[in-house]
Engineer: 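Sharing a structure below in C-alpha cells format, with a few things to ask.
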Amino acid sequence: MTASTNESRPRSGQRPEPRLRSVPDQDADVTELDKVRADRLTAAQQRRAATRTRDLCALLHERPDLVGVHAPADFSIDALRWCV
C-alpha cells in the first residue's frame with residue numbers, strides 16, 4: 001500500500017502536471033459575458049477614482065488649513081496639478 005501512495009505523489013521539487021479539460025461551446029458565451037462585466041467593472045472603478053479625486057481637490061480648495069496634514073492627499077493634489 002505504501003508504494004502505490006508514494007508513486008501517485010509528485011516528488012519534492014516537481015510540479016504535478018496540470019489537468020486539461022475541454023471547454024464546451026456554452027462556455028464561449030460566458031467568456032464574452034465575463035469580458036463585458038470586466039469592462040463595466042473597470043469603467044466603474046475609473047469613475048469612482050475620478051470622483052474621489054474631484055472631492056479631494058474640492059475639500060483642499062475649501063479648507064486650505066488641511067494642506068500638509070495627510071501626505072498622500074498632498075501628493076495626489078500635486079500630481080493633479082501637474083497633469084491638468
Engineer: Give every residue pair that meets the side chain to side chain donor-acceptor pair (under 3.5 Å) criterion with at least one member in residues 66-77, sequence neighbours excluded.
Structural biologist: none
Engineer: How many angstroms lie between CG in Asp39 and CG in Asp34, if you round to the nearest 0.5 Å?
Structural biologist: 11.0 Å
Engineer: If you look only at pairs with a residue in residues 55-73, which of them pass as a salt bridge (Lys or Arg N to Asp or Glu O under 4.0 Å), with sequence neighbours excluded?
Structural biologist: Arg63-Asp65
Engineer: Would you name the heavy atoms of Leu60 and Ala73 that are closest together and state the gap between them?
Structural biologist: CD1-O, 4.3 Å
Engineer: With sequence neighbours left out, write down each residue that passes side chain to side chain donor-acceptor pair (under 3.5 Å) with Arg47, or none if nothing qualifies.
Structural biologist: none
Engineer: Roughly how far apart are Leu59 CG and Leu66 CG, rounded to 0.5 Å?
Structural biologist: 5.5 Å
Engineer: For Arg48, give me all partners under side-chain contact (heavy atoms from CB on, under 4.5 Å), at least two apart in sequence or on another chain.
Structural biologist: Ala44, Gln45, Arg52
